[in-house]
Amino acid sequence: MTRTLFSQQPSGGFTAQPLLWSVILVLALATPLYAEAPAATDSSAAPPASAGSAASPASPPPAAPDTSARQPALRYSSVTPEAAAPPPMPLLPPPTGILSAEDAPNDAGKAILVTWRPQSAPDDLTGYRLRAEQLKPAAGKANEEKPATPYVFEHSWPANQEEYRIVIEKLVPGVAVNVSVQAVAGDRYSEPSPVQIAVPKGNWFHTGKIPVGLALAVFIGFLLIFVQKSRSGAKLFVRKIAGLEAVEDAVGRATEMGRSILYVPGLSSISDVATIASLSILAPVARKAATYATKLIVPNRDPIVFTVAREVVKTSFNQVGRPDLYDDNSVFFITDSQFGFAAAVDGIIVRERPATNFFLGMFWAESLVMAETGAATGAIQIAGTDAVNQIPFFIVSCDYTLMGEELYAASAYLGTEPILLGTLKAQDAVKLLILGVIILGVVTSLVGSTALFDILRPPQ
Amino acid sequence: MTASATAWISTDLWVWVAAIMTLAIFSFLYRDNPLYKFAEHLFVGVSVGYAIAVSWDRVFLPKIWTGLVLHRQWSMLPPVILGLLYISFFFPRYTWIARYPISFMMGFSAGVALPLTVVTDIFIQTRGTFYESNAAGDPLAPIISVAKFQEFAAHPGVLSALNALYGPLLLLGVVCVMLFFYFSHEQKGPLKVAGMVGMVYLMIGFGASFGYTVMARLSLLIGRIQFLLGEWLRVL
């Protein structure tokens, strides 16, 4: 065709007209096939009168270009099938149902709760697609020039439920969130449903934690009662605990042998209850060590625990009137590496050869490494932890082991302070209360009630 | 194959370092010696150095330098001030100042730990003693139920017997162990019996835990021996 156009030039030379025609032809071929091509483009696709054999002078004047007749030829003959885009799929009708979006309860204002209850659905429905969008304002003074960024959350649900619920998190408090739902049938989507708007807000109170608050209130109530009783001079009985009876003997043994006492307050942080219990026991042990002028070594793994332990030991030495015996270097930080700490404590045990080793607090896999080394040196060892997996190792390698609750009771047992004694008695009272709750729970479960079970549900 | 893979012993420097350090630590099984001391001090030194680098990279740079200094995030200021108060340790006259961050940390930690302890150690354990639940925490079936005994009566067998007795045994164990840890009364009479039963439960549990953990430790030892004989000496 192009060759015909060029050959029909009267002069036989290269002029602008054939080039113009070829450019127009290329543009026509490049026009999206399924879109309506402009009239000029369509007409350009037809051969010009001077070039076509059908445009003879005897022929009737050419009719208006018939685009409907020419487009299929363009569509299927001039473009390879790979380059052709698929024809558009018909849209599904918007889903019908009840879409609700509201602030999620009991949170810090970064979540909303979306509920979708579909009412009718097409037969070929395969699911729903949820879309939530929030315009997150730019944060920080340094980002003032940055525009707000949209945060888009999308989630797909299968089409087999009567109701769908989801909590969308990581939102910005106080900024509206637009929520909509689309029906999905295979690879077809519907128009979005009408948009629902929710604004996430923070809550001052977590109502799901009310049972926890009540439980704490009961415990604190018991605590106040027993502390008051203890302060008023009432004699509160605490039965003997073998491991704690041995503390006095263990310190005395170290004194007699002229060797030191090693006290490891566990490897956990200060937020661990076992660590706090251990530091409470460290005080009376340090007082005894100061009284008998026995060297006390307290290696630490946690920097915060180290600072607290140092204060505890220093205060204890002051309390018994022996600040001169306190050595800053006796309480020290080693490393926060678990087995680096264990290796260092092993080194201390074999080089210093303490007569008594205390391993009280939270321990992990290093418990046996340290306790076995201590046993090999012949030291008397008192261990205590609430780590259930480590208690067996302490039992086989130590002379006395405080198991779980005994560790918590130790500080009250060793001291005579009313607050600690009141705490121990309050713990016992709470234990009896829990036993009562368990028995009540068993009875109610036998009659099929889950009320108590639900009350004790952990807050979400 | 590479030359190092076909050699009769590893030619990788780091494999050699790891192997020598492993043997140095193992030498402690014989007695304390200079090789162990070297490995111990190297281990401690490297771990402290690594911790400092991590603190610098993960805490100081993003939170203090970028957050507070560059972006003026004033919420970072209180923890920075509390942290700086610890430096008073180096000045004997002002050591008392460090008690403020210590008190804050103790109070904060206890406050965080208390509700969590109530939920995990009391609520979840208590409800699990009388009702089975699924992963979402919804009730499935009572731990103790008449139906299980009826099932045992209808189909006597070891499995149905264990299924029926599981609940009562669990309840007995929980009650007796809790009474073992009851300190307000002398363990005499029924309390002593309950305490002894509780102790039996504890020892059975500890024994099972001990055996399980020893097996895990042996697998760690096997891993190191495989490294020495395989990756290092190439005899495996």
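Below, read A as the first sequence line, B as the second, and so on, with proteins coming before strands; counting in each chain starts at 1.
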Engineer: With only heavy atoms counted, which part of L116(B) is less than 4.5 Å from chain A, the side chain, the backbone, both or neither?
Structural biologist: neither
Engineer: Given heavy-atom pairs under 4.5 angstrom as the criterion, report whether the side chain, backbone, both or neither of A208(B) touches chain A.
Structural biologist: neither
Engineer: With a 4.5 angstrom heavy-atom cut-off, is it the side chain or the backbone of I439(A) that approaches chain B, or both, or neither?
Structural biologist: neither
Engineer: Establish, from distance only, whether the side-chain atoms of S209(B) and N389(A) form a donor-acceptor pair under 3.5 Å.
Structural biologist: yes
Engineer: Going by heavy atoms in the side chains, are F222(A) and K425(A) under 4.5 Å from each other?
Structural biologist: no
Engineer: Taking heavy atoms only and a threshold strictly under 4.5 Å, list by residue number the residues of residues 137-144 of chain B that touch chain A; give 'none' if the list is empty.
Structural biologist: G137(B), D138(B), P139(B), P142(B), I144(B)
Engineer: Give the member of K37(B), Q125(B), E40(B) that has the highest number of heavy-atom pairs under 4.5 Å with chain A.
Structural biologist: E40(B)
Engineer: Relative to chain B, which segment of T373(A) carries a heavy atom at a distance below 4.5 Å: side chain, backbone, both, or neither?
Structural biologist: side chain
Engineer: Checking S145(B) against chain A: side chain, backbone, both or neither under 4.5 Å from a heavy atom?
Structural biologist: backbone
Engineer: For F43(B), which atoms come within 4.5 Å of any heavy atom of chain A: side chain, backbone, both, or neither?
Structural biologist: side chain
Engineer: Can you tell which part of V396(A) gets under 4.5 Å to a heavy atom of chain B, answering side chain, backbone, both or neither?
Structural biologist: side chain
Engineer: Please look at I25(B) and chain A and tell me whether the side chain, the backbone, both or neither of the residue comes under 4.5 angstrom of a heavy atom of that chain.
Structural biologist: neither
Engineer: Can you tell which part of I395(A) gets under 4.5 Å to a heavy atom of chain B, answering side chain, backbone, both or neither?
Structural biologist: side chain
Engineer: Distance from K188(B) atom NZ to R239(A) atom CZ, nearest 0.5 Å?
Structural biologist: 13.0 Å
Engineer: Go through F130(B), Y212(B), F108(B), Y86(B) and name the one with the most non-hydrogen pairs under 4.5 angstrom from chain A.
Structural biologist: F130(B)
Engineer: Rounded at 0.5 Å granularity, tell me how far CZ in F306(A) sits from CZ in F332(A).
Structural biologist: 9.5 Å
Engineer: Between Q390(A) and chain B, which part of the residue has a heavy atom less than 4.5 Å away: side chain, backbone, both or neither?
Structural biologist: side chain
Engineer: Tell me, do L221(B) and R217(B) make a side-chain contact under 4.5 Å, heavy atoms counted?
Structural biologist: no
Engineer: Looking at L171(B), D32(B), V48(B), which one has more heavy-atom pairs under 4.5 Å with chain A than the rest?
Structural biologist: D32(B)
Engineer: Quick one: which of V44(B), V112(B), V175(B) has the most heavy-atom pairs under 4.5 Å with chain A, could you say?
Structural biologist: V44(B)
Engineer: List for me each residue that meets salt bridge (charged side-chain N to carboxylate O under 4.0 Å, His left out) alongside K431(A), sequence neighbours excluded, and say none if there are none.
Structural biologist: E405(A), D428(A)
Engineer: Quick test of your reading: applying ring pair (Phe, Tyr, Trp, His ring centres under 6.0 Å), list the pairs with at least one residue in residues 168-198 of chain B, sequence neighbours left out, ordered by first then second residue.
Structural biologist: Y182(B)-H185(B)
Engineer: What is the ring orientation for F317(A) with Y326(A), classed by angle as parallel under 30°, tilted 30 to 60°, or perpendicular over 60°?
Structural biologist: perpendicular
Engineer: Which bit of T120(B) is near chain A, if near means a heavy-atom gap under 4.5 Å: side chain, backbone, both or neither?
Structural biologist: neither
Engineer: Is chain B contacted by the side chain of T377(A), its backbone, both, or neither, given a heavy-atom distance below 4.5 Å?
Structural biologist: neither
Engineer: Under 4.5 Å, counting heavy-atom pairs only, tell me which of M106(B), R127(B), R31(B) racks up the most with chain A.
Structural biologist: R127(B)
Engineer: If a pair satisfies salt bridge (Lys or Arg N to Asp or Glu O under 4.0 Å) and one of its residues is in residues 85-102 of chain B, list it, with sequence neighbours excluded.
Structural biologist: E311(A)-R99(B)
Engineer: Could you walk me through whether V118(B) and F219(A) satisfy the side chain to side chain contact (heavy atoms under 4.5 Å, CB included) test, starting with their C-alpha distance in whole Å, then the side-chain angles of each, then the deciding distance to 0.1 Å, before giving a yes or no?
Structural biologist: CA-CA 10 Å; V118(B) 169; F219(A) 176 71; over 6 Å; no
Engineer: Between D346(A) and chain B, with a heavy-atom cut-off of 4.5 Å, which part of the residue counts as in contact: side chain, backbone, both or neither?
Structural biologist: both
Engineer: For the CG atom of L456(A) and the OG1 atom of T126(B), what is their distance to the nearest 0.5 Å?
Structural biologist: 6.0 Å
Engineer: Between Y50(B) and S337(A), is a side chain to side chain contact (heavy atoms under 4.5 Å, CB included) present by the stated rule, with each step listed?
Structural biologist: CA-CA 9 Å; Y50(B) 180 75; S337(A) 163; over 6 Å; no
Engineer: Would you mind checking which part of V119(B) comes under 4.5 Å of any heavy atom in chain A, side chain (CB onward), backbone (N, CA, C, O), both or neither?
Structural biologist: side chain
Engineer: By a 4.5 Å heavy-atom criterion (distance strictly below it), what part of A376(A) contacts chain B: side chain, backbone, both, or neither?
Structural biologist: neither
Engineer: Select one option (side chain, backbone, both, neither) describing which atoms of F28(B) are under 4.5 Å from chain A's heavy atoms.
Structural biologist: side chain
Engineer: Side chain, backbone, both or neither: which part of V273(A) has an atom under 4.5 Å from a heavy atom of chain B?
Structural biologist: side chain
Engineer: Sort Y36(B) into side chain, backbone, both or neither according to what part of it lies under 4.5 angstrom from a heavy atom of chain A.
Structural biologist: side chain
Engineer: Heavy-atom distances under 4.5 Å only: say whether I438(A) touches chain B with side chain, backbone, both or neither.
Structural biologist: both
Engineer: Tell me, side chain or backbone of P303(A) under 4.5 Å from chain B's heavy atoms, or both, or neither?
Structural biologist: neither
Engineer: Sort L216(A) into side chain, backbone, both or neither according to what part of it lies under 4.5 angstrom from a heavy atom of chain B.
Structural biologist: side chain
Engineer: Roughly how far apart are K235(A) NZ and S230(A) OG, rounded to 0.5 Å?
Structural biologist: 12.5 Å
Engineer: Is K314(A) in contact with chain B via its backbone, its side chain, both, or neither, using a 4.5 Å heavy-atom distance?
Structural biologist: side chain
Engineer: CE of M203(B) to CD1 of I391(A): how many Å apart, nearest 0.5 Å?
Structural biologist: 8.5 Å
